[in-house]
Amino acid sequence: MSESTIAAISTPQGSGGISIVRMSGDKSFDIIKKIFKPINNRALDKEKDNRMMRYGHIEKDGRIFDEVMVNFMKGPNTYTREDICEINCHGSMISVRDILNLLLDMGCELADRGEFTKRAFLNGRIDLSQAEAVLDIINSTNELSQKQGLKHLSGLLREKIEEIRNIELEALSRIEYSINFTEDGEDLPVDNIIDFMQKAYDEISKLLATANKGKLVKDGIETTIIGKPNVGKSSLLNVLLNENRAIVTDIPGTTRDSITEYINLGNLTLKINDTAGIRETHDEVEKIGVQRSKELAEDADLIIAIFDRSRKLDHEDKMILDMLKGKNAIIILNKIDLDSKISKIDFDDSFKIIETSMVSRDGVDKLEGAIFDIFDSKELNKESLMITNLRHERLLNSSRKKLESSLDDIKAYVPIDCVEVDLRSSYDDLGLIIGETVSDKIMDKVFREFCVGK
C-alpha cells in the first residue's frame, strides 16, 4: 500500500452532466469526512457507508463548492485495493477544478498518469497485461477491440502465459536436476525435456499467429486510397465520412499530403489514408506527396485503387496496378455517369472490382461488402484470445527465439547447463508480459500512456 493519498479528475475535460473526482489512499475517508456535509446531517460512517452513495454538499469554511453524490469504498475490495472515494459533482470545469484543488489543499497529492491502475497492479489486484487491457478498453474503436480488451482484463492472457511458463518450468526443473543431482556426469534422458520445450514452443507460436488479426482489431485496418489525380480519391473519403473532409476540385494535384481518418464498418475499424495523386511531376512538393502515397500503399493492410472509367489506361495507371501485386486490394472504376473507355475486363479478376459514381454515390454501398469479403469480422470474432499489444508480441517473439535456440542446443547434445541459459531467459520474457518481473522503466512506459485519473 502507498503512503500517499492521490486525487485526480476521472472524467474527460469539458462541460457535461456529471464529472467525477477520485481519491485513493489511507486519508481518503478522513478528508471526505471533513468537507462533505450530508443533506440529512448524518455524518459519514466508514463501516455503514461503505459502498453507499450519500447526497449532500462539498463545503469548507462556509463556502459551498457544489451539490454532490459521494461514494466511499473501503479497501481492499476496491480498484486500487486502497480506500477510495469518488465525488460525483456537476460537469462544470469550475466545480471540478475547485473540488480537486480543495482535496490537494487537504493533503492529497495530484495523481500521475495511470496512477490508480498502477496502484492496482502494485497492490496485486491485476497483473501488467490486465493493466494494459484497461487502456485498450478505454481506447477501443469497435466492438471486437472492446471484447478483446475485456478478455485480457479478465485474466485470459495471464492464464495462457502462466500455462506456458509452467510447461517451461517442467523442462527447467528436469534440467536443474540433471545439473545438480545426477552423478558421474550422467544426465536425465533428454527426450522428456524436449517434449516439454516443444510443447511450449508450439503454444507460443499459436499465440503469435493471432498477432496480425489482433493488430487489425485494435488499431484498425490500415487502408490507403491511391490513384492518379482527379479520379475521385478525396471524393470517396468524403462520401465514406459523410462530410467534406478533403478538398475536391477539378485542378489536378490538389491533395499533396495524406489525410488520415477513422471510420467504423460493423465490427471493423478502417484507418483510411487519402493520398496525393500518383503521377510523374516536376513539382518538388508534389513529388514528396507522391512518394508518401507509395510508402503508405506499401505498408497498407488494404489498398483501394481508383481509376477514372472515362479515360483509357496509361502507363501511370499500370504503375498503380503494379503496386497492387500481392496486396489486399479493391479496384474502383469511378465516373460511371460518363462515357466508358475501360471496363472490368481490363483488370485482373482476382481483385474485387466495383463501378461507382461519387457524384450520385451509386455503387459505393458495395465497398463495405467487398471489405467484409477480405476481412471476415465473423472469423475474427471466433478467436478466443488475440495478441493486440506490441509489447506482448515482441516479448513472445523474443521468448520463442530463445526457446528455439535452447531446443537446437539440446538436440545437438550441447552441455545441459548451456541449454538452461536460453530456456530460463525465455521463461523470464514471458514473465515480463504479466509483470512477474518488471523494471520501473517498463512500468513508467506502460502507465504514461494512460490519462490522469485512471
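Just so you know, these numbers use all the heavy atoms, side chains as well, and skip hydrogens, waters and symmetry mates.
Between I374 and A329, the closest heavy-atom pair is CD1-O, 4.2 Å. For the pair A111 and F116, the tightest heavy-atom approach, listed with the atom from each and the gap, is CB-CE1, 3.9 Å. Scanning both residues, C85 and V70, for their nearest heavy atoms gives SG-CG1, 3.7 Å. Closest non-hydrogen pair, S154 versus Q130, comes out as C-NE2, 3.8 Å. A pairwise comparison of heavy atoms in I353 and D348 identifies CD1-O, 4.1 Å as the closest pair. Residue I99 comes nearest to F65 through the heavy atom pair CG1-CB, 4.3 Å, listed as atom of the first residue, atom of the second, then distance.
The backbone N or O of I6 sits nowhere less than 3.5 Å from a side-chain atom of S4 that would complete a donor-acceptor pair. Although no hydrogens or angles enter the test, the distance criterion places a donor-acceptor pair under 3.5 Å between the side chain of R81 and the main chain of N123. Using modelled atom types, no side-chain atom of K312 and backbone atom of I342 make a donor-acceptor pair closer than 3.5 Å. Although no hydrogens or angles enter the test, the distance criterion places a donor-acceptor pair under 3.5 Å between the side chain of T11 and the main chain of I20. The closest donor-acceptor contact from the side chain of N101 to the backbone of D98 lies at 3.5 Å or more, if one exists at all. For the pair K151 (side chain) and S384 (backbone), a donor-acceptor distance under 3.5 Å is present. The backbone N or O of I58 lies less than 3.5 Å from no partner atom in the side chain of R63, so there is not a single donor-acceptor pair. Not one N or O on the side chain of S95 forms a donor-acceptor pair closer than 3.5 Å with the backbone of H90. With hydrogens and angles disregarded, no donor-acceptor distance shorter than 3.5 Å links the side chain of T356 to the backbone of M358. No donor-acceptor pair closer than 3.5 Å links the side chain of D299 to the backbone N or O of L296.
Note that CG of L157 and CD1 of I387 are 5.0 Å apart. Values are rounded to the nearest 0.5 Å. Rounding to the nearest 0.5 Å gives a distance of 6.5 Å between CG of D49 and CE of M52. Expressed to the nearest 0.5 Å, how far CZ of F36 lies from CE of M69 amounts to 8.0 Å. Atoms CG and CZ, on L135 and F450 in that order, are 4.5 Å from each other to the nearest 0.5 Å. Rounded to the nearest 0.5 angstrom, I161 CD1 and L207 CG are separated by 5.5 Å. Within the model, atoms CZ of F351 and CG of N328 stand 9.0 Å from one another, a figure rounded to the nearest 0.5 Å.
Side-chain contact between M23 and I31: present, with at least one pair of heavy atoms (C-beta onward) separated by less than 4.5 Å. Side chains of L240 and N238 form no contact here, defined as non-hydrogen atoms less than 4.5 Å apart. By the 4.5 Å heavy-atom criterion applied to side chains, I303 and I226 are counted as neighbours. E115 is not listed as a side-chain neighbour of F447, based on a closest heavy-atom distance of 4.5 Å or more. Put simply, the side chain of I304 reaches to within 4.5 Å of the side chain of L367, judged on heavy atoms. For the pair I87/N71, no side-chain contact is recorded, criterion being any heavy-atom separation below 4.5 Å from C-beta on. Proximity of L104 to E109: side-chain heavy atoms (C-beta onward) are nowhere separated by under 4.5 Å. Two residues are said to be in side-chain contact when any heavy atoms from C-beta on lie closer than 4.5 Å; I137 and L150 meet this criterion.
Under the salt bridge (Lys or Arg N to Asp or Glu O under 4.0 Å) criterion, D301 pairs with K215, sequence neighbours left out. Applying the ring pair (Phe, Tyr, Trp, His ring centres under 6.0 Å) test to F307 and every residue at least two apart in sequence or in another chain returns F347.
Side-chain atoms of T5 and S28 form no donor-acceptor pair, as typed in the model, at a separation below 3.5 Å. Q148 and T388 share no donor-acceptor pair across their side chains, judged by distance under 3.5 Å alone. Judged purely by distance below 3.5 Å, without hydrogens or angles, the side chains of Y79 and T117 pair a donor atom with an acceptor atom. Of the N and O atoms on the side chains of K335 and S310, not one donor lies less than 3.5 Å from an acceptor on the other residue. Looking at E168 and S426, their side chains do bring a donor and an acceptor atom within 3.5 Å of each other. A donor atom on one side chain and an acceptor atom on the other are found under 3.5 Å apart for N273 and T260.
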(request) Run the numbers on S145 and N142 for side-chain hydrogen bond (donor to acceptor under 3.5 Å, both in side chains), then give the verdict. (result) CA-CA 6 Å; S145 61; N142 56 61; 3.2 Å; yes
(request) Using the side chain to side chain contact (heavy atoms under 4.5 Å, CB included) rule, take D136 and K218 through it: C-alpha gap first, then chi angles, then the decisive distance, then the call. (result) CA-CA 8 Å; D136 289 344; K218 180 182 176 183; 3.2 Å; yes
(request) Would you sort out whether S357 and D362 count as a side-chain hydrogen bond (donor to acceptor under 3.5 Å, both in side chains), showing the intermediate values? (result) CA-CA 5 Å; S357 168; D362 288 345; 5.7 Å; no
(message) What verdict does the side chain to side chain contact (heavy atoms under 4.5 Å, CB included) test give for F375 and L216, after you've listed the backbone C-alpha separation in whole Å, the side-chain angles of each residue and the deciding distance to 0.1 Å?
(response) CA-CA 9 Å; F375 302 96; L216 297 180; 3.7 Å; yes
(message) Show, in sequence, the C-alpha distance, side-chain angles and deciding distance for L385 and H152, and conclude whether the side chain to side chain contact (heavy atoms under 4.5 Å, CB included) test is met.
(response) CA-CA 8 Å; L385 178 65; H152 286 211; 3.5 Å; yes
(request) Starting from the C-alpha separation in whole Å, work towards a yes-or-no answer on side chain to side chain contact (heavy atoms under 4.5 Å, CB included) for I336 and L338. (result) CA-CA 5 Å; I336 57 174; L338 302 178; over 6 Å; no
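For the pairing with I433, the side chain to side chain contact (heavy atoms under 4.5 Å, CB included) check across R165, H392, E393 returns one residue only, H392. For the pairing with I263, the side chain to side chain contact (heavy atoms under 4.5 Å, CB included) check across T223, L241, T269, T141 returns one residue only, L241.
Salt bridge annotation for E143-K147: present, with a cationic side-chain nitrogen under 4.0 angstrom from a carboxylate oxygen. Electrostatic pairing of K74 and D83 does not count as a salt bridge here, judged by no charged N lying under 4.0 Å from a carboxylate O. Remark: D349 does not engage K344 in a salt bridge, criterion side-chain N to carboxylate O under 4.0 Å. E132 has a carboxylate O that lies under 4.0 Å from a charged side-chain N of R391, or vice versa, which qualifies the two as a salt bridge. The pair D429-K402 meets the salt-bridge criterion, since a charged nitrogen lies less than 4.0 angstrom from a carboxylate oxygen. Classification of K294 and E298 as a salt-bridged pair fails, no side-chain N sitting under 4.0 Å from a carboxylate O. The pair K228-D308 does not count as a salt bridge, with every side-chain nitrogen at least 4.0 angstrom from each carboxylate oxygen.
More than 12 heavy atoms of other residues, nucleotides or ligands lie within 6.0 Å of CZ in R97, so this atom counts as buried by the packing criterion.
The ring of F29 has its center closer than 6.0 angstrom to the ring center of F72.
Counting only residues at least two apart or on different chains, the salt bridge (charged side-chain N to carboxylate O under 4.0 Å, His left out) pairs with a member in residues 198-212 are K160-E203, E203-K206.
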